[in-house]
2 protein chains.
Amino acid sequence: MIRTISPNRASFGRCSACTVRSFSICGALDQSDLVEFERIARHVHLAPNEALFTAGQLAQSVHNVAAGVARLYKLLPDGRRQVVGFALPGDFLGMAPSDRYSFSADAVDSVTLCRFSREAFTHFIAQRPHFLIRINEFAARELMLAQEQMLLLGRRTAEEKVASFLVGWRKRLAHIGDERQTIALPMSRQDIADYLGLTIETVSRTLTRFEREKMLIIVAGGVRLLDPGRAAAMAAA
Amino acid sequence: MIRTISPNRASFGRCSACTVRSFSICGALDQSDLVEFERIARHVHLAPNEALFTAGQLAQSVHNVAAGVARLYKLLPDGRRQVVGFALPGDFLGMAPSDRYSFSADAVDSVTLCRFSREAFTHFIAQRPHFLIRINEFAARELMLAQEQMLLLGRRTAEEKVASFLVGWRKRLAHIGDERQTIALPMSRQDIADYLGLTIETVSRTLTRFEREKMLIIVAGGVRLLDPGRAAAMAAA
DNA sequence: CGCCGAATTGAAGAGATTCAAACTCAGTGG
DNA sequence: CCACTGAGTTTGAATCTCTTCAATTCGGCG
């Protein structure tokens with residue numbers, strides 16, 4: 001079984017010692033900003049599958065993931081689900097174009113986050129252009145990922161989708177310092193299927209085939225990539 | 001044939017008289033800001049199918065669409081294309097998480113835009129928090145649209161995709177003041193197909209069926225929605 | 001009028017889904 | 001200690017939606 005995804009001991013209550021700060025929006029805050037920022041932050045722990053917020057709810061808070069993985073998704077009335085993203089430590093969940101959440105979010109595994117009242121957060125950023133710029137950069141990155149996901153959903157085959165997912169997920173894990181040989185997959189097959197616009201059976205079959213073809217080994221809680229080059233090639237750019 | 005999409009006579013050279021300002025990022029600028037903003041703007045006209053920029057190029061400019069429709073897309077090495085969005089008057093094309101464009105954009109019909117050097121633009125916004133906040137709001141809306149598109153691409157049927165597209169496109173046209181009975185579709189069937197993750201044949205067949213079922217009438221350059229309620233219901237929320 | 005790209009229509013085929021069943025494995029309790 | 005349980009996953013077979021390939025029609029324009 002693979003360890004949970006979290007930078008070794010993210011410290012809370014003390015932003016200045018927070019291990020995810022450098023790759024979160026807070027990285028743009030200096031020491032004095034941090035002190036004030038900490039005053040409006042509330043640290044929250046969530047058990048697996050607990051909800052951060054639900055689509056349609058009044059968007060009273062913004063969040064910063066400190067540890068664990070969150071699943072962001074939208075539902076159709078008949079229950080079909082599309083996972084629009086997985087949030088990792090350092091990711092910011094805040095942008096809302098209206099006063100209500102446009103998607104739902106809940107914890108995949110154990111999640112820790114910094115929660116801010118939208119009001120206090122809005123007030124805080126309004127006087128800090130450098131912080132606004134940082135948030136903008138994060139939004140831009142988010143948007144780019146969304147566009148890549150559109151390309152995946154609209155134009156890639158099942159095989160390419162699964163390969164792309166593994167490659168992209170590995171890259172994101174590496175970005176937050178998780179460089180283990182085995183790629184941790186804390187989310188369920190159903191989560192992956194709903195992220196890739198496939199069924200759980202297709203995801204399972206595809207992974208099994210990859211294993212038969214010696215591209216990877218399926219282990220509890222993740223996969224071990226034996227042939228990253230082949231996976232990358234299969235992802236089709 | 002349907003008229004091109006552009007708020008009646010968008011004026012250029014004079015931001016203060018620009019008809020799309022209220023629903024563009026510039027809406028956050030006051031009279032004095034506008035004067036300086038205008039100084040760094042260059043007005044550009046593009047003929048149908050001319051490129052605004054191409055994925056991979058150095059991102060030296062940011063753009064604001066003033067008139068016409070632009071198509072934003074990504075390509076796979078083998079030529080498969082995913083249209084990630086259509087930009088309408090008032091839309092801002094600027095967010096780039098790196099120094100290179102992550103997608104391509106070109107004119108669907110005749111397009112007019114305000115072009116800014118990234119450098120000058122970055123300098124301009126850095127000292128105007130209210131403007132940054134406005135850009136943030138636009139980014140948030142963009143991201144929300146992207147997430148809805150992911151839901152469409154991953155979980156909707158062909159029929160639902162086409163219906164959703166028509167309903168959503170009509171709503172966007174209404175938002176910029178185009179409330180004609182007939183929905184203008186300046187883009188080709190191929191563009192629509194690449195936007196919805198379908199083939200051109202499926203789009204054509206679906207529209208034809210909608211027409212047979214008296215939901216709409218196909219006209220040159222667009223469709224006339226006879227039964228918006230049914231279209232909305234078919235879009236499945 | 002006749003050309004040419006775009007769009008439509010038809011028939012056959014493929015990839016992914018659906019439905020169904022078997023398997024795995026961690027947790028539970030006899 | 002090990003059988004029992006149940007959720008999650010894997011595997012199999014049949015089906016279906018959408019695609020592919022091919023041909024025809026439409027519509028603007030010289």
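Per chain, numbering begins at 1; letters A, B, ... match sequence-line order.
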Indicate, with a heavy-atom threshold strictly under 4.0 Å, whether B:Thr202 touches base, sugar-phosphate, or nothing. base
Just how far, in rounded Å, is C1' of C:dA16 from CZ of B:Arg156? 20 Å
To the nearest angstrom, how far is A:Arg209 atom CZ from D:dG12 atom P? 14 Å
Rounded to the Å, how far apart are A:Asp194 CG and C:dA16 P? 17 Å
Are B:Glu213 and B:Arg209 close enough for a salt bridge, meaning some N to O gap below 4.0 Å? yes
Of the options D:dT20, D:dC18, C:dT9, whose atoms approach the side-chain atoms of B:Ala158 most closely? D:dC18
Closest non-hydrogen atoms of A:Gln82 and B:Gly154, given as atom of the first, atom of the second and distance, are OE1-CA, 3.3 Å
Applying a 4.0 Å non-hydrogen cut-off, can you work out what A:Ser188 is touching in the nucleic acid: base, sugar-phosphate, or nothing? sugar-phosphate
Interatomic distance where CD1 belongs to B:Ile200 and P belongs to C:dA6 [whole Å]: 9 Å
Hey, does the side chain of B:Thr157 reach the backbone of B:Glu160 with a donor-acceptor pair shorter than 3.5 angstrom? yes
Using a 4.0 Å heavy-atom cut-off across all strands, classify A:Leu198 as base, sugar-phosphate, or nothing. sugar-phosphate
What integer distance in Å separates B:Asn49:CG from C:dA6:C1'? 13 Å
Any base atoms under 4.0 Å from A:Thr208, or only sugar-phosphate, or nothing? Heavy atoms, all strands. sugar-phosphate
Separation of C:dA12 atom P from B:Glu201 atom CD, nearest Å, is 16 Å
Could a donor-acceptor pair under 3.5 angstrom be found where the side chain of B:Glu159 meets the base of D:dC18? no
Less than 6.0 Å separating the ring centroids of A:Phe53 and A:Phe103? yes
Hey, can you tell me if B:His63 and B:Tyr101 have their rings parallel, tilted or perpendicular (30° and 60° cut-offs)? tilted
Check whether any side-chain nitrogen or oxygen of A:Arg205 sits under 4.0 Å from OP1 or OP2 of C:dA16, and answer yes or no. no
5'-most contact on DNA chain D: A:Leu207 or A:Arg155, nearest heavy atom basis? A:Leu207
Given atom CD1 of B:Ile218 and atom P of C:dA6, what is their separation to the nearest angstrom? 18 Å
In whole Å, I'd like the distance from the CG atom of B:Leu196 to the C1' atom of D:dC18. 13 Å
